[in-house]
There are 2 protein chains.
Amino acid sequence: MNPILASDSLTQRLADSGLRATPQREVVYSVLLRKRDHPTAEEVFARVKAELPTISLATVYNCLETLVQCELVRAVNFERSPTRYCPNLRPHAHFHDEQTGRTYDIDLPPAVLAEVNQVLPAGFDASSVEITFRGQARATS
Amino acid sequence: MNPILASDSLTQRLADSGLRATPQREVVYSVLLRKRDHPTAEEVFARVKAELPTISLATVYNCLETLVQCELVRAVNFERSPTRYCPNLRPHAHFHDEQTGRTYDIDLPPAVLAEVNQVLPAGFDASSVEITFRGQARATS
DNA sequence: GCGATTATTTGGAATTGTTCCAATTCCAAG
DNA sequence: CTTGGAATTGGAACAATTCCAAATAATCGC
Ligand SMILES: [Mn+2]
Ligand SMILES: [Mn+2]
Ligand SMILES: [Zn+2]
Ligand SMILES: [Zn+2]
């Protein structure tokens, strides 16, 4: 919410990775924070253009990749549709509404996450889990 | 395992959808059953060619799509890498080994599946869940 | 069985999302 | 200021998949 804090944490995370806080990276990130509807790279591109009309699609891809590397943003995939980007850092699953195409964040309680990890037999060392629902969501918001 | 049974269930499922049991569909399906290593369409294509040297890649894609529609096969996606195909019909998660690229089936007990579905707030009606692990697997087989 | 109708396969072109690349442009340090 | 590396840019290239129109094959009514 707070743009100063957001921008600070961005600058910090980038610095931690030895990267610079460029206007392109800042605007791409702020666009993701502003409207958390899991936009595609093309959608991010369109939104960023409003502020930086000369930015290129390649740069948007670069910035998104950078933000994912810095773990400020998650890349979300449904089947083979374009990758979507999510700045929600809490552990959460995704719900993909087949009718509307909308994507919802579903908070994952630690207990559930723990139980899911229990299904792994000995010898499987998971660094991450992804949980994705597909179905229909009743409009709430 | 049993080719007669497999072929019968294939013929049955196809008939249920008003589709024919063609040699291409049969061989594509048998190739998936024979080596359950989650091959890509290209890999299936290569394996099927041994039996049907004149089959086309488009037909392999068509057959795989048909088998997925008939619910005899699951399409499995990791990030944006090529779709993989899995004839295991039991409820299971996938474990993607980042080093080797191999994909493992992880059986999902009904209790875990139930608990995972519990995380959905009212208004979310899921028709399917996908659980995907990424990490490192110690070689067992 | 025979021709008509429909389903399926085929090869190649097209599409889509993404990555690559070489040429600038930008910056920060000396 | 210079200068070397970092970042951006536009366009070409790429990979996976889908589309398409023509050829083949199976099925149906007779
Ligand atoms: Mn959809
Ligand atoms: Mn991998
Ligand atoms: Zn999310
Ligand atoms: Zn599987």
Side-chain angles (χ1 to χ4, degrees), chain A residues 10-11 13-31 38-49 51-70 72-86 96 101 103, chain B residues 7 10-11 13-29 31 38-49 51-70 72-85 101 103:
Chain A
L10 171 62
T11 303
R13 284 295 187 100
L14 288 170
D16 291 351
S17 306
L19 301 171
R20 297 177 191 162
T22 65
Q24 288 86 348
R25 285 169 179 167
E26 283 171 0
V27 175
V28 165
Y29 186 45
S30 82
V31 147
H38 301 85
T40 63
E42 289 278 3
E43 287 165 346
V44 171
F45 183 42
R47 293 174 196 181
V48 170
K49 262 183 171 166
E51 263 180 89
L52 297 176
T54 63
I55 196 173
S56 73
L57 179 57
T59 299
V60 170
Y61 273 105
N62 290 341
C63 292
L64 289 170
E65 167 68 9
T66 298
L67 294 172
V68 169
Q69 300 301 47
C70 294
L72 283 164
V73 167
R74 266 173 71 179
V76 179
N77 287 282
F78 300 113
E79 263 111 63
R80 298 201 57 79
S81 57
T83 299
R84 299 175 167 278
Y85 296 88
C86 171
H96 177 73
T103 298
Chain B
S7 153
L10 171 63
T11 303
R13 284 294 187 102
L14 288 170
D16 291 350
S17 305
L19 301 170
R20 297 177 191 161
T22 66
Q24 289 85 348
R25 287 170 178 166
E26 282 170 0
V27 175
V28 165
Y29 186 46
V31 147
H38 301 85
T40 64
E42 287 280 2
E43 286 164 346
V44 171
F45 182 43
R47 293 174 196 180
V48 170
K49 262 182 173 168
E51 259 178 273
L52 297 176
T54 62
I55 197 171
S56 72
L57 179 57
T59 298
V60 170
Y61 273 104
N62 290 341
C63 292
L64 289 170
E65 167 69 7
T66 297
L67 294 171
V68 169
Q69 300 300 51
C70 294
L72 283 164
V73 166
R74 269 173 68 178
V76 179
N77 287 282
F78 299 113
E79 264 111 63
R80 297 202 56 79
S81 58
T83 299
R84 299 176 166 278
Y85 296 89
T103 299

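Only this structure's heavy atoms are used, side chains among them; waters, hydrogens and symmetry mates stay out. First the proteins, then the strands, lettered A, B, ... as listed; each starts at 1.
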Exercise for review: Using a 4.0 Å heavy-atom cut-off, write out nucleotides 13-23 of chain C from 5' to 3' as B (base contacted by protein), S (sugar-phosphate only) or - (no contact).
Suggested key: ----SBBB---
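- With sequence neighbours excluded, no residue forms a side-chain hydrogen bond (donor to acceptor under 3.5 Å, both in side chains) with B:Ser81.
- With sequence neighbours left out, B:Thr83 forms a side-chain hydrogen bond (donor to acceptor under 3.5 Å, both in side chains) with B:Asn77.
- Regarding B:Leu14, its CG atom lies at a distance of 13 Å from the C1' atom of C:dA7, rounded to whole Å.
- Atom CD of B:Glu26 and atom P of C:dT8 are 13 Å apart (whole Å).
- Within the 4.0 angstrom heavy-atom criterion, only backbone atoms of the sugar-phosphate kind lie near A:Thr22; the bases stay farther away.
- Between B:Thr59 and the phosphate of C:dT10, there is a side-chain N or O to OP1/OP2 separation shorter than 4.0 Å.
- For the pair B:Leu67 CG and C:dT9 C1', the computed distance is 15 Å after rounding to whole Å.
- Distance B:Leu19 CG to D:dA25 C1': 15 Å, rounded to the nearest Å.
- Annotation: side-chain hydrogen bond (donor to acceptor under 3.5 Å, both in side chains) contacts of A:Arg84 (sequence neighbours excluded): none.
- Under the rule for a side chain to side chain contact (heavy atoms under 4.5 Å, CB included), the partners of A:Ser17 that lie at least two apart in sequence or sit in another chain are A:Leu19, A:Cys70.
- Of the candidates B:Thr59, B:Leu52, B:Val60, B:Thr59 is the only one forming a side chain to side chain contact (heavy atoms under 4.5 Å, CB included) with B:Ser56.
- Distance B:Lys49 NZ to C:dT10 P: 11 Å, rounded to the nearest Å.
- Nucleotide C:dA7 holds its P atom 11 Å from the CZ atom of B:Arg25, rounded to whole Å.
- The side chain to side chain contact (heavy atoms under 4.5 Å, CB included) search around A:Glu42 returns A:Thr40, A:Phe45, A:Leu57, not counting sequence neighbours.
- Legend: residues meeting side chain to side chain contact (heavy atoms under 4.5 Å, CB included) with B:Thr22, ordered by chain and number and at least two apart, are B:Arg20, B:Gln24, B:Arg25.
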Identify each atom pair where a protein N or O and an N or O of nucleotides 27-30 of chain C are less than 3.5 Å apart, giving names and distance.
none

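- Phosphate proximity of D:dA25 to B:Gln24: absent, as no side-chain N or O sits under 4.0 Å from OP1 or OP2.
- Judged by distance alone, the side chain of A:Thr66 and the main-chain N or O of A:Asn62 form a donor-acceptor pair under 3.5 Å.
- Atom CZ of B:Phe45 is separated from atom P of D:dT17 by 14 Å (rounded to the nearest Å).
- In terms of the side chain to side chain contact (heavy atoms under 4.5 Å, CB included) criterion, residue partners of A:Gln69 (sequence neighbours excluded) are, by chain and number, A:Glu65.
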